[in-house]
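Before any comments, here is the structure.
Side-chain atoms are counted along with the backbone in the values below, which use heavy atoms only and exclude waters and symmetry mates. Just so we're clear, the structure is a prediction, and the values are computed from it rather than from any experiment. In the text below, chain A, chain B and the rest are named by the order of the sequence lines, each starting its count at 1.
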Amino acid sequence: MNNRFDRRNFLKKAGMFGCAALTFNMMPKVGVGSAWASDNTKLLILNLQGGCDGLSLFQPTSGGVYDTLNSLRPTLCVDPISLSQTADGYGFHPSLTTFKSLYDSGDLLSILGVGIENGSLSHADAEVGIARGVKDRLTPTASGFISRIGKEKNWSGLEAVSITGTDLAFSGTSFSAMQVNGLNNLKFIGDTTQSTHENSYRSDQIYELSKEWPTSENKPKFQELIKSIDLASNNSDLVQAALSEATFSQAYPNSSLGRLFKDAEVLLSATSFNSRVVNLRYPGYDTHSNQANVLLSNLNRVEAALSVFVSNMKTRGLWNNLIILVMSEFGRRNKENGSQGTEHGGANTFFLAGGPVNGGNIVGELTSSDLTSNSWLDPKYNVSEVYSQILAKMDLDPEKIIGETSGPSLAGILT
Amino acid sequence: MVRGLRFYFVGTLYLFIIILIPQVAFTKPSSKKIPSSEAYSITTPTGKTITCYQSNKGDYKSGNLDKKGNFFKPESEDLKKLKIKLTQAKDLGNKKSQKKLSAQIKIKKSSIKDNAIFCKNGEGSKTPIGSISFDRLDRALTREDVRYLFEKAGFGLSPSEESFVSIGIDQGLDALVSSFMQTRAEDSSVLNKVDDYLDNQLDSSTTQSPAGQRAAQFYLLANTKNPYAEKFAFFLLSIWTVSGDVISAEAFRHELWDYYKRLRDYAYDQTDIKALAIEITKNPLMLIYLSNDLNIKGNPNENYARELMELFLLGPTDLEGILNYSETQLDGSGDIPTSARMLTGMGVTQNWSAEKLDYKFTDSKHDFTMLTMFPTKSYKFTGNSAEGLINGIVEKHPSVKNYYSKEILKEYLTPNPPKELVENFGKIIATNNYNLRPAMATLFKSKAFYDHAYRDTAIKNPIEFGVEFVRLLGLEKAINPNEIQKKIATVGMEFNASPSVFWYPNEAWGTPASFLGKANLISYIISDTTALALPDPDWVPQNILPVGVATPTTVASFAADHLGIGSISEEVLSSIEIYMNTVKQWNGIFTSKQYDNTDLTDRRRKGMGVYFLLSSMPQFHLK
């Protein structure tokens, strides 16, 4: 037996054991299905990417504002009878049954007219704006707000996970959040013609070799790759174990979104690690044409997966400390185009759901003048303020992470 | 007299002391010049490129490079110059100039403050700055230079391309680049195989499948004799992104491959941006993908018009972060709706008998009004057609050259190219009348291209990672592309079904999951090969490992050479040697077992394991 290898290996494992012991002592004691401590509120971000039309997800159903919208959108404005109506003059898209039931039970609220100063109608620029969580898109901040949370809180691994690949909100600081395309892909399969032991030996050796990589060359990308390997090395086994051990009171639909919500449930309910922020980006909402059919199809999928997720999280007793933020990088044009679609717009409707949400309410107001004074809705609330309220509820310091907000305060949207 | 002389001498000395010494003592020492190698470049979230420097005291400054790119000049020097001009204007009593300069000073102060914050906050994404010169490289080429050219602009320097090294070293840069970019006829057997993969049928043509297209592309790239053109076509696809997912009818699935083939045709040719843009604008797949087939007179659809400017020709902002075009206003004006109107009437018909989609222009659906683009700018123009729009934008808008410059440099040099580098290459593109092939030749012969500062600054995407591995090991005809494309899709890349029109960001390939995915891809390739699954009958096994008795160190060095990662450190060699001489048992215990290079089991387990380990090194992931 090679002494050098054994000594190194022993030291590595001893170090890991020591760290694990220390970490477990520091972590809140949680078990499968038990409620979290009140300072352990968690966040799921559902980004309906592409510029989802908030006016279609939550549409006015009466009064002058409905008449105005109907005149601007003769084919897209839905007859209120077909909507899941609230008592406040709005109705949810017929596919969003869960949204409606959460609203009725006081667990969901809608915020009308959320945007950012100096907003952009370009997907890329608008995404940058909401990812950075600053009040003004032109603010000289290069990092995503989730990345800043991680840096502030010295997170190191699975505390923040993007389960749909790279996301601007997760990058820019020294904190490297876990960004994967589905948890099932965060594993080393290896060479199937070799034994399990040879494969595990090879994967260990990658991590060992990464420590020998030249660091004197001052190559930033080398450091990035080392961080990625560390993250993969430290967390893939934990994640795969959580995936294989997880049981679900209701089964998810067999769709890509179903699998992603399942991943979200696994992360947010795991007891061997503490994921506090999970990001799920679901594209397909850039509805320049055929908007009604595209939304129907996409929102049906959202409903099918989200309803299971909500039900399962309630069954686990984890609903009371979970916040779900549903958003998009911008809204759509007030007037429909000639292809039964809408062009890029401005401010949009955000939704907050979860136990901590002061739901059954609509924050903000939409007037006829809002629809006619500009081609798209001007922001009445700032996205930085939405994030700020959520971060405060999560016992994270909003001022350090978001900085100055603007627009009216949204105090009270969370209990 | 002596007393007089003494007085004269003392007086002069006295004058020297009171006049000259203060001047010497209080003259500001000249500020030390900052070499550009100590600066770095970042791109802000709004698309602005900033050159930055962090002083020894820790404060961050923004600035520019001098003309030759040798030194960093802080932006504060521009502020000083403005202040001097303001003082002069005050002295002259020129109130108009004073007002203008005061406004400029205010903007400059704000810019310095903001940019310093960007420089500090953008540290995580900084790119080193090397040469900004596109002057011809003025030193002799090395083997590493040739390997680097093939890695950045092709798919790695494979054993069959070794002859290019002697071309470069013996005949020089012109001969190398000319030969590298030369078009060679592909083997008919390769082309036949590509066709077979498209529809997964041997020697016949039926309906293509998306998976078949991905397998075909991988096989083509792995076997091509034209790495420059195929790589450039792949680059063009990253700009002119389209997805085959929008076509539901099986009969028309080939449209995606036909689209890709047209990009390849342009890559093999001069790559005239204008001609390319006009042709793609009328391409049926693109018309459907970005809804321009629904764009009709009186009811314009902005989707394609927006992306034409944002993604295909201009970018949303110029290098200073200034918007390149205007948005839709309440009255319907704006560059986006104006361009949409110019693009009306372009439709698609389904030709079922020929099983293809055809472009169809309908006069009655087109808005023939003469319209003005960029009406408040010096580069405004009028037109009423797709050709007029595209010709006008390319010929007149100042941002086209820099947009293509930046995109090319991001792909072929470094992800955050310095502003001056982008501008210099932009000039070359414009000088070549927007034909990209000659501009690329200039790039491949330039000092900037071969500067070490830009090496290993970008991450290979999974397709080029896998293709290069296959080519370097001479496995081009021993692979199963059908399975390989599945592995690549698992990492998150499908060339014919990009998740959005923005293609894939380079950062996507450096995440933990991507790293594991690429490791799994290599694991599959080496296991597939050792199992010799479905080899092409023409394949002759190359020596992937040394023949006969060989020590672990020899094997590791041999493999490193094959992978083109150069010499590896003693520490790495030592770790690999331990790995090769150790077996992990079923019970987790490690036992020593001396590697035997003549034993087939050892060669397949440890020999190929070395390739797995070495391909995980940053030298192989980065380009």
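- Chain A forms more heavy-atom pairs under 4.5 Å with one residue of B/Asn303, B/Ile296, B/Leu294, B/Asn299 than with any other, namely B/Asn303.
- The candidate with the highest count of non-hydrogen atom pairs below 4.5 Å against chain B, out of A/Ser228, A/Ser200, A/Gly338, is A/Ser228.
- With a 4.5 Å cut-off on non-hydrogen atoms, A/Thr372 touches chain B through its backbone but not through its side chain.
- Looking at A/Lys335, neither its backbone nor its side chain comes within 4.5 Å of chain B, counting heavy atoms on both sides.
- Here the side chains of A/Ser236 and B/Leu516 are in contact, with some heavy-atom distance below 4.5 Å.
- Under the 3.5 Å distance criterion, with hydrogens and angles disregarded, no donor-acceptor pair is assigned to the side chains of B/Arg306 and B/Tyr325.
- For the 3.5 Å distance criterion, the side chains of A/Ser147 and A/Ser171 fail to qualify, holding no donor opposite an acceptor.
- At least one side-chain heavy atom of B/Tyr504 sits less than 4.5 Å from a side-chain heavy atom of B/Glu494.
- Neither the backbone nor the side chain of A/Ser195 comes within less than 4.5 Å of any heavy atom of chain B.
- The candidate from B/Thr511, B/Asn520, B/Ile576 with the greatest count of non-hydrogen atom pairs under 4.5 Å with chain A is B/Asn520.
- Relative to the ring axis of B/Tyr524, B/Lys487 places its NZ or CZ within 45° and under 6.0 Å from the centre.
- Heavy-atom distances place both the backbone and the side chain of B/Leu613 under 4.5 Å from chain A.
- Within the 4.5 angstrom heavy-atom criterion, only side-chain atoms of A/Leu225, from C-beta onward, approach chain B.
- If you measure heavy-atom distances from B/Tyr579 to chain A, the contacts under 4.5 Å come from both the backbone and the side chain.
- In this pair, A/His344 and A/His288 present their aromatic rings tilted. The plane angle is within the 30 to 60° band.
- Note: A/Leu186 leads A/Asn199, A/Leu186, A/Asn290, A/Thr342 in heavy-atom pairs under 4.5 Å with chain B.
- Proximity to chain A is limited to the side chain of B/Ser291, based on heavy atoms less than 4.5 angstrom apart.
- For the residue pair A/Asp378/A/Asn374, the side-chain donor-acceptor check at 3.5 Å is satisfied.
- Within the 4.5 angstrom heavy-atom criterion, no atom of B/Val501 approaches chain A.
- Contact annotation for A/Thr196: neither backbone nor side-chain heavy atoms come within less than 4.5 Å of a heavy atom of chain B.
- Using a 4.5 Å cut-off between heavy atoms, B/Gln329 contacts chain A through its backbone alone, with no side-chain atom that close.
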- request: For side-chain hydrogen bond (donor to acceptor under 3.5 Å, both in side chains), just list the numbers for A/His123 and A/Asp286, CA-CA rounded to whole Å, side-chain angles, deciding distance to a tenth of an Å, and then say yes or no.
  value: CA-CA 9 Å; A/His123 290 295; A/Asp286 191 19; 3.0 Å; yes

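- B/Asp367 and B/Thr344 are not linked by any side-chain donor-acceptor pair at a separation below 3.5 angstrom, with hydrogens and angles left out of the test.
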